[in-house]
Amino acid sequence: MAKSESSGDTGRPWQSYHTVYTNAKAGMEGVDKEKVQRIVYEMSKGSKYFENEERKEAYIKQKIENMQDQIAKLTDADISHYQKVADKRILELEATRDLTRIWLHVDMDAFYAAVETLSNPSLNGKPMAVGSMSMISTANYEARRFGVRAAMPGFIARKLCPELIFVPVDFKKYTHYSDLTRKVFQNYDPNFMAASLDEAYLDITNACYERDATGGEIAEELRKSVYEETGLTCSAGVGPNRLLAKVCSDINKPNGQFVLPNDRMAVMAFISSLPIRKIGGIGKVTEHLLRDAFGIVTCEEMLQNSGFLCALFSRSSADFFLSVGLGLGRTDTPEVKLRKSISNERTFSATDDEAFLYQKLADLAEMLSVDMKKEGLCGRTLTLKLKTASFEVRTRAVTLQKYIFSSEDILKHASKLLKAELPISLRLIGMRMSQFSEDKDGTPSDPTQKTLSNFIVTGDATGSNMDDRTPFGSDLKDEHFRTQLKASLPIDNHKLCHSDFRDPLESSEIPDAGNCNCILSYDGEMKKCDGALNKSKANFEGSSLDNVDKRTSLPNDEAVSSSNQKEQYLWVDDYKCLLCGVELPPSFVEERQEHSDFHLAERLQKEESSNLRNLTPKQRFIPTDKITSPSQNRRKKHKSSSTGKYLPIDTFFVKSNRNS
DNA sequence: GGGAAAACATTAT
DNA sequence: TTCCAATAATGTTTTCCC
C-alpha cells in the first residue's frame with residue numbers, strides 16, 4: 001500500500017504509482033517496499049503501459065470523488081432511512097449464518113516454482129521465477145525477498161533481483177502434480193472444489209466426524225499426506241465457510257495452517273481487525289474506493305458504515321460488504337460447476353499490419369474451435385477482444401441466431417468484428433465464445449424461452465436474487481413483491497438453485513442434437529457425437545430439416561454457409577430473387593446472404609407450423625423475433641470508442657458473493 | 001420504459 | 001537486448017430495439 005495517498009509530494013513520485021506489487025503477500029515481509037516501489041516506477045515510467053495505468057487511476061479517482069459527493073448530499077433523513085435498511089439487512093444476513101460445516105482451503109506453496117525445483121534440485125535455495133521476461137507466474141520465496149512476485153513482468157523482476165533464474169512455464173508438469181494433490185483431497189472430501197491447479201476447497205465436516213478428529217488435525221494429516229505424495233508443501237486454512245477458510249490459509253503460509261473455530265464470537269473477533277484487502281473479491285480498486293470514500297480499512301468497519309454502503313451501492317454489492325463485516329461466506333457445495341465461456345488470446349508486438357492481424361485471428365479461431373470440440377461446446381455469442389498499442393482494451397460482440405463451433409464460422413464472424421475496427425494498431429487479440437447450447441444449468445437452448453430454471457438464478461444464501469440494480473433502500477417497500485416471488489415458487493429456492501433441477505426435455509432426446517456436434521447425455525455431460533460434424537455440414541436441399549435447429553427455427557449460419565451453392569440459384573439472372581423478385585447484384589454479398597436467410601426463415605417457419613402438433617410444448621416455441629427480415633439483422637454500427645473520457649459515475653459496482 | 005445485448009470493469013490464479 | 005500474460009467469472013453501465 002502506498003504510504004502517501006494524496007499525490008503532491010513531488011520528491012517521491014513513485015509513491016503515488018499504485019501497483020499491486022507491494023501488497024502484502026506471503027513471503028514478502030522483510031521486503032524494502034519503498035525500494036521496490038521506486039524501481040517498479042522507474043522501469044515503468046513513460047511507457048505506454050504506464051500511461052494507461054495513469055488513465056485508469058484517474059478514472060478510479062473520479063469514481064471516488066463522485067461517491068464522496070453523493071455521501072455529502074445525503075440528508076439526515078436519508079441517513080436514518082438507510083441505516084434502518086442496513087440494520088434490517090444485517091439481521092437477515094445474520095439469520096443465514098451457518099456454523100455447521102467445517103471448510104478447509106488448501107493452497108500449495110509457490111506451486112509452479114516448487115514443482116520446478118522438485119524436477120531440478122539445483123534450483124534449491126536460489127531466487128527463481130516461473131515465467132518469462134514479459135510475465136512471471138510464480139516466484140519462489142527466495143525471489144520474493146527481493147520483491148519479485150507473481151504478475152510482475154520479468155524485466156522488472158530482473159531489475160529487482162539480477163541473479164533471478166527464469167524457468168519457463170510447463171503446465172503439463174503442474175497438472176501432473178496437481179492431479180496427485182487432488183487424489184489426496186479426494187480422501188477427505190470426494191466433492192472437493194478445485195479453485196485452480198494449486199488451490200482447493202474441501203468440506204471436511206464428514207471427515208472430522210468419521211475420523212473423530214478436529215479440523216486442525218485433519219488439516220495436519222492432509223498436508224502431511226500431500227507432502228508424502230508429491231514432495232510439495234502446502235498451507236491450509238480451516239473455518240466455518242469458504243471465504244474464511246481462504247483467508248485462514250494465507251495466515252501461516254508457507255507450510256503452515258490456521259484454524260478458525262466454528263463459533264460466532266471467534267469469527268467476529270477474527271474479522272474485526274482484518275483488512276478488507278484480505279478478503280477474496282476485494283482487490284486494489286475496491287480497497288482504494290472503500291478507504292477513500294468511506295474510511296473503511298477493516299472488515300469491522302463495513303458494519304460501522306453499513307448505512308452508507310446501503311445508500312451508495314447496489315443491493316448485491318452492499319450485501320457482499322455486509323456479509324464480509326459479519327464473516328459470512330458460502331457453506332454449500334454446488335453440484336456442478338458449468339463452464340460459461342471459453343476463450344483464448346495472444347499478445348504480440350503491436351502492429352497495424354492487417355494481414356498479420358487477420359492471420360492471428362485465424363490462428364485463434366482455429367485454436368478456439370479445437371478447444372470447443374474437445375469439450376463438445378457450441379456457442380452463440382462471440383466476443384472479440386482487442387488491446388490497442390496503448391493498452392486500451394475494447395470488446396466487440398455478436399450474438400448469433402445459431403450455435404457455432406467450427407473455426408470457419410468463428411473466423412467469419414470474428415473477421416467482421418475486426419474489420420469494423422480497422423485501421424488499428426493492436427498488441428493483443430482474443431476471442432471468447434459464450435451462451436452455449438444446452439447450458440448444463442438447465443437453461444434452455446432457446447435463449448428467449450422463460451422457464452422456472454431460468455428464473456431461479458443461483459443458490460444464494462443471502463437471498464439477493466432480485467434485480468441488483470434496484471437501489472438497496474427501496475426494498476423495504478418491495479416487501480410485497482418479495483412475498484409474491486416467494487409464493488410463486490413451490491419449493492424453497494435453495495433446493496432448486498443447483499443443477500439438480502433439469503427439464504426432462506433437455507435430455508438426449510433432443511432431435512437436433514446433431515446440429516452442434518454434441519449431445520447432452522442423461523448424466524448431464526457433454527458427449528461428442530461422432531459423425532455429427534459431417535452431418536452438420538450437409539445442406540438442406542429437399543427441404544429436409546434434419547440439420548436445422550427445430551426449436552429456434554432459424555436461418556442459421558451453418559446452414560447458410562453450407563448452402564452457398566444453393567444461394568446461387570436463388571438469384572435469377574444473377575441479381576433477381578427467384579422468390580420475391582427483389583433485385584440485389586452479386587456484389588451485395590452480405591445483403592444477399594441476409595435475404596436468403598429471410599426466405600429460409602420463412603420456409604422453416606411454415607414447415608415448423610405444420611409440424612407443431614407433433615412436438616412438445618417446449619419445442620413448439622418459435623420466437624417471433626427470430627424471424628428476421630433482410631432489413632432487420634443489420635449489423636450495428638459501433639460508435640467510435642468512448643474510452644478515455646471520464647464520465648460521471650453514479651454508482652460503483654463490486655461483484656458480490658464471489659467467495660467461491 | 002423495459003429487456004437483451006454489448007461494452008466496460010474488477011478480480012483471481 | 002528484452003519493456004506488463006492468459007483464462008474465466010461476474011458485476012455495472014450503456015446502447016439498441018420494440
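Fair warning: this is a prediction, and the values are worked out from it, not measured in the lab. In what follows, chains carry the letters A, B, and so on, assigned in the order in which the sequence lines appear, proteins first and then strands, with residues in each chain numbered from 1.
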Exactly one candidate in Leu322(A), Asp319(A), Leu290(A) meets side-chain contact (heavy atoms from CB on, under 4.5 Å) with Phe313(A); the answer is Leu290(A)
Taking the same atom, C1', in dA5(C) and in dA12(B), what whole-Å distance lies between them?
14 Å
Partner nucleotide, any strand, of dC16(C) [Watson-Crick/G-U, under 3.5 Å]:
dG3(B)
Between dA9(C) and Arg339(A), is there an OP1 or OP2 to side-chain N/O distance shorter than 4.0 Å?
no
Expressed as a whole number of angstroms, how long is the span from Tyr112(A):OH to dA12(B):P?
16 Å
Look only at the side chain of Asn140(A) and the backbone of Met128(A), and say whether a donor-acceptor pair between them is shorter than 3.5 Å.
yes
Chi angles and distances behind the side chain to side chain contact (heavy atoms under 4.5 Å, CB included) call for Arg315(A), Arg89(A):
CA-CA 10 Å; Arg315(A) 186 191 171 106; Arg89(A) 194 65 190 133; 3.3 Å; yes
So, is Arg432(A) near the phosphate of dA9(C), with a side-chain N or O under 4.0 Å from OP1 or OP2?
no
Nearest to the side chain of Tyr59(A) - dT10(B), dA8(C), dA5(B)?
dT10(B)
Counting the atoms with a prime plus P, OP1 and OP2 as sugar-phosphate, which does Lys284(A) contact under 4.0 Å by heavy atoms, base, sugar-phosphate, or nothing?
sugar-phosphate
For Met152(A) and dA5(C), what is the distance between atoms CE and P respectively, to the nearest whole Å?
14 Å
Using the side-chain hydrogen bond (donor to acceptor under 3.5 Å, both in side chains) rule, take Arg380(A) and Thr399(A) through it: C-alpha gap first, then chi angles, then the decisive distance, then the call.
CA-CA 6 Å; Arg380(A) 63 190 281 270; Thr399(A) 297; 5.5 Å; no
Nucleotide nearest Arg346(A) (side chain, heavy atoms from C-beta), chosen from dA6(C), dT13(B), dA5(B):
dA6(C)
So what does Leu428(A) hit on the nucleic acid, given a heavy-atom distance under 4.0 Å: a base, only sugar-phosphate, or nothing?
sugar-phosphate
Ignoring the backbone of Lys63(A), work out which of dA6(C), dT10(B), dA8(C) is nearest its side chain.
dT10(B)
Tell me what Phe391(A) touches on the nucleic acid: a base, only sugar-phosphate, or nothing, going by heavy atoms under 4.0 Å.
sugar-phosphate
Could you tell me the separation between the CZ atom of Arg330(A) and the CZ atom of Arg242(A), rounded to the nearest 0.5 Å?
6.0 Å
Just call it for Lys159(A): base, sugar-phosphate, or nothing, with non-hydrogen atoms closer than 4.0 Å on any strand.
nothing
Just the rounded figure in Å: distance from P of dA6(B) to NE2 of His413(A).
12 Å
Distance check needed: dA4(B) P versus Leu400(A) CG, whole Å only.
18 Å
Less than 3.5 Å apart, any donor N or O on the side chain of Ser249(A) or Asp107(A) sitting next to an acceptor on the other?
no
Drop me the distance from Ile296(A)'s CD1 to Leu309(A)'s CG, to the nearest 0.5 angstrom.
4.5 Å
Rounded to the nearest angstrom, tell me the gap between atom CD in Glu57(A) and atom P in dC4(C).
19 Å
Looking at dT10(B), dC4(C), dA6(B), which one has an atom nearest to any side-chain atom of Tyr49(A)?
dC4(C)
Reckon Ile342(A) touches a base, only the sugar-phosphate, or nothing at all at heavy-atom distances under 4.0 Å?
sugar-phosphate
For atom NZ of Lys385(A) and atom P of dA9(C), their distance in whole Å
14 Å
Looking only at side-chain N and O atoms, does Ser47(A) come under 4.0 Å of OP1 or OP2 in dC3(C)?
no
Checking dT13(B), dT7(C), dC8(B) against the side chain of Lys246(A) (C-beta onward), the nearest is dT13(B)
Measure the distance from NZ on Lys56(A) to P on dT10(B) and round it to the nearest whole Å.
7 Å
Which is more 5' along DNA chain B, the nucleotide nearest Ile60(A) or the one nearest Ala151(A)? Just name the residue.
Ile60(A)
Given dC4(C), dA8(C), dA5(C), which nucleotide is nearest the side-chain atoms of Pro153(A)?
dC4(C)
Touch class at under 4.0 angstrom, heavy-atom based, for Ile279(A) against every strand present:
sugar-phosphate
Any side-chain heavy atom of Leu386(A) within less than 4.5 Å of one from Val393(A)?
no
Just N and O in the side chain of Thr395(A): are any of them under 4.0 Å from OP1 or OP2 of dA6(B)?
no
I need the CG-P distance between Asp319(A) and dG11(C), as an integer number of Å.
12 Å
Is any side-chain N or O of Arg396(A) closer than 4.0 Å to OP1 or OP2 of dC8(B)?
yes
Nearest to the side chain of Arg158(A) - dA5(B), dT2(C), dT7(C)?
dT2(C)
Under a 3.5 Å limit on both distances, the Watson-Crick or wobble mate of dA9(C) is dT10(B)
When you measure from the side chain of Glu345(A), which nucleotide among dC8(B), dA9(C), dT7(C) comes out closest?
dT7(C)
Using a heavy-atom cut-off of under 4.0 Å over every strand shown, decide if Thr399(A) touches base, sugar-phosphate, or nothing.
sugar-phosphate
When you get a sec, tell me which of dC8(B), dC4(C), dT11(B) is the closest nucleotide to the side chain of Met135(A)?
dC4(C)
At under 4.0 Å, does any side-chain N or O of Lys387(A) touch on OP1 or OP2 of dA5(C)?
yes
By the 4.0 Å heavy-atom rule, please label Glu53(A) as base, sugar-phosphate, or nothing.
nothing
OP1 or OP2 of dA6(C) less than 4.0 angstrom from a side-chain nitrogen or oxygen of Thr347(A), does that happen here?
yes
Among dT13(B), dA6(C), dC4(C), find the nucleotide with the atom closest to the side chain of Ser134(A).
dC4(C)
When all nucleic acid strands are considered with a 4.0 Å heavy-atom cut-off, which category describes Ser44(A): base, sugar-phosphate, or nothing?
base
